[in-house]
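Notes for the one structure printed next.
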Amino acid sequence: MSTRKANLTGFSPRKLAAAAGQPAKDPWARNEAWRYSGPFTRGNRFRGAFPGFGIAVVAFAGYMVYEQVFLTSAHDTHGAAAEHH
């Protein structure tokens, strides 16, 4: 016994799709082309999602280096050795 339900109408969407195939020419191709070219490409859309993010990362990294190099001193240690007031 088959586990598939019998099709009452005899219509098969798979057979229809196989018989139809791909269209020879898409009439909307020219109208859709602008969505995938120029400023609307995937890379350009992602790049525009976070404006200034690259500059912010570089500025933050520069500040972290500055803080580690110039704003720490030998007397500014935190830990078990600094508990001997």
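FYI, side chains are in, hydrogens and waters are out, and symmetry mates aren't considered; it's all heavy atoms of this structure.
With sequence neighbours left out, S12 forms a side-chain hydrogen bond (donor to acceptor under 3.5 Å, both in side chains) with no residue at all. Among residues two or more places apart in sequence or in another chain, the side-chain contact (heavy atoms from CB on, under 4.5 Å) test is passed with T9 by N7, F11. Shown here are the ring-ring contact (aromatic ring centres under 6.0 Å, His included) partners of F53, two or more places apart in sequence or in another chain: there are none.
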Could you give the side-chain donor-acceptor pairs of residues 62-71 under 3.5 Å, partners two or more places apart or in another chain?
none

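Around CG of L16, the count of heavy atoms belonging to other residues, nucleotides or ligands within 6.0 Å exceeds 12.
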